Amino acid sequence: IFLSRENTACDVDEVLRSDQGKRHVVALILARGGSKGIPLKNIKMLAGVPLIGWVLRAAVDSEMFDSVWVSTDHDQIEKVAKSWGARVHRRSAEVSRDSSTSLETIQEFVTLNPEVDVICNIQATSPCLHPFHLKGALEMMTLQGFDSVFSVVRRHQFRWQEVKKGSRKLTEPLNLDPAKRPRRQDWDGELCENGSFYFTTSQLVKEGILQGGKVSYYEMLPQYSVDIDVDIDWPVAEQRVLRYGYFGRDTPEVVRLMFCNVSGCLTEGRIFLSVSGEDMVSINTKDTAGIRMLQREDVEVVLLTSSEDPVSQSLADKLATRTGCQVLQVGAEPLDDLQPILKEKNLEWKDVAYIGNGQADVRCLNLAGLSAVPGDAPVVAINAAKYTCHERGGLGAVKEFCEHILLQKQKAKSQMEQEHIDRSSF
């Protein structure tokens, strides 16, 4: 297949899909439940998303696979995988042992799915994977004719021979001449596997090898090469993901409005009754500070109360005065009341952030460009949201989401500036 320089990214995508019509291509994420380092690490929350959710989102949104699979032996992982759009391969006990290899599990999958021609084994612990990484590597398979392509990262590290304790041997350099030690900028470094993904053919898998035939690599930039091995890496990885992770097709920089459910988000969900019969709620000053942060960035915030659990008008007025926000009462289906507001403001749901806490919020959580729930939200709401806060409702969850919104806006702005620089350099 020949492509001229005038071909656009869309043209390439069409060619890839056309080629896939001849070969059945799947993504496969291995996620065993018996992790020895971090229990159920693959579904532990990272930056508001189950760890495995980051790679599943990238794989599904790439639209390059006939199907996306998770291979697991654990019911909870299966449930999370399906909620993120994956099909599930329930692996056998024979390939679920501590001593089982990835290759053995992939071989079992290929045996059970003989229609598969190309497999992309994606590592669940690589949360900064983006769809463009997968598209680029698959293009090497489909357009350039490689049999296996795997991800690498460039490292600038001088390596030395290990000397065992008690040995009389001396260490020796492995990849440099100390007498001619190069400066970092004068050395290309070395390419190292980062484990993010391995594309291969089912035929190679049957032969007992993942990297064979006509082999090549796909180089990823260091900022996208995050691999979570031990628990101490978690806070560091979380910061990296917030900056470099893939958050979905809709870019977050256009968020101009946030809807915030009062009950269970801004408050703990409790209403106090005074002796005089006056309603009272408790709100956290952290959360009101977060709301002001958004308002200073010209993001309008609207607080939502429910007709199913109404608050008094006097209490709504006090909330409006305290936060500087409009307080709006919505019905059993908030979407029905909010849709006209978006139309009036000439906004789409991708321009909106939404934080909710229950079944009634699910439709809005699914539609919003950025959406979140407090850490104590019910499972049905967590599955619908794009971000799950560490904090509980009424205890800082709103502030955490406000900071997340601002971080995504800053990230998008930086990307736009970088694109402008890149284009102007031609």
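Just so it is clear, the structure is predicted and the values come from calculations on it, not from any experiment.
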Task: Worked check of side chain to side chain contact (heavy atoms under 4.5 Å, CB included) between F259 and V352 - done: CA-CA 8 Å; F259 291 119; V352 174; 3.8 Å; yes
TODO: Report the C-alpha separation of E300 and K345 in whole Å, then their side-chain angles, then the decisive distance to 0.1 Å, and conclude whether the salt bridge (Lys or Arg N to Asp or Glu O under 4.0 Å) test is met.
DONE: CA-CA 11 Å; E300 182 184 357; K345 295 179 181 291; 3.0 Å; yes
Compare every heavy atom of [Y] with every heavy atom of [X], then report the nearest pair and how far apart it is.
X: G396; Y: N284; value: N-ND2, 4.2 Å
X: S100; Y: E94; value: OG-O, 3.3 Å
X: T72; Y: G33; value: OG1-N, 4.5 Å
X: E400; Y: T388; value: OE2-O, 4.4 Å
X: N357; Y: G264; value: ND2-CA, 3.5 Å
X: V70; Y: A86; value: CG2-CB, 3.9 Å

TODO: Please lay out, stage by stage, how S151 and N194 fare under the test side-chain hydrogen bond (donor to acceptor under 3.5 Å, both in side chains).
DONE: CA-CA 6 Å; S151 58; N194 67 358; 2.5 Å; yes
Is the shortest side-chain heavy-atom distance between [X] and [Y] below 4.5 Å?
X: L210; Y: I106; answer: yes
X: L257; Y: L342; answer: yes
X: M64; Y: P131; answer: no
X: Y246; Y: D61; answer: yes

Open item on the list: Over 60° means perpendicular and under 30° means parallel, so tell me whether F150 and Y198 are parallel, tilted or perpendicular.
Closed with: parallel
Task: Plane angle bin for F199 and F197 - parallel if under 30°, tilted between 30 and 60°, otherwise perpendicular - done: perpendicular
Is it the case that [X] and [Y] place a side-chain donor and acceptor less than 3.5 Å from each other?
X: D117; Y: S202; result: no
X: S92; Y: E108; result: yes
X: S67; Y: W69; result: yes

TODO: For a side-chain hydrogen bond (donor to acceptor under 3.5 Å, both in side chains) with E190, tell me which candidate from H156, R155, R159, R154 qualifies.
DONE: R159
Open item on the list: Which residue is it: V116, N121, V205? I am looking for the one with a side-chain contact (heavy atoms from CB on, under 4.5 Å) to F109.
Closed with: V116
Task: For C325, the option from L294, I291, L304 that meets side-chain contact (heavy atoms from CB on, under 4.5 Å) - done: I291
TODO: Count the heavy atoms of every other residue, nucleotide or ligand shown that sit under 6.0 Å from CG of D177, and state whether that count exceeds 12.
DONE: yes
- [ ] Can you establish whether the number of heavy atoms outside K214 located under 6.0 Å from its atom NZ is more than 12?
- [x] yes
Open item on the list: Before you tell me yes or no, could you show the steps for L338 and L328 under side chain to side chain contact (heavy atoms under 4.5 Å, CB included), namely the whole-Å CA-CA distance, both residues' side-chain angles and the distance that decides it to 0.1 Å?
Closed with: CA-CA 10 Å; L338 300 182; L328 177 70; 3.9 Å; yes
Open item on the list: Apply side chain to side chain contact (heavy atoms under 4.5 Å, CB included) to residues Q203 and E207 and explain how you reach the verdict.
Closed with: CA-CA 6 Å; Q203 185 56 44; E207 294 171 5; 3.2 Å; yes
TODO: Output, in order, the C-alpha distance, side-chain angles, deciding distance and verdict of ring-ring contact (aromatic ring centres under 6.0 Å, His included) for H404 and F247.
DONE: CA-CA 11 Å; H404 177 68; F247 285 84; 5.5 Å; yes
Task: Test item: D73 side-chain N/O and A93 main-chain N/O as donor-acceptor pair under 3.5 Å - done: no
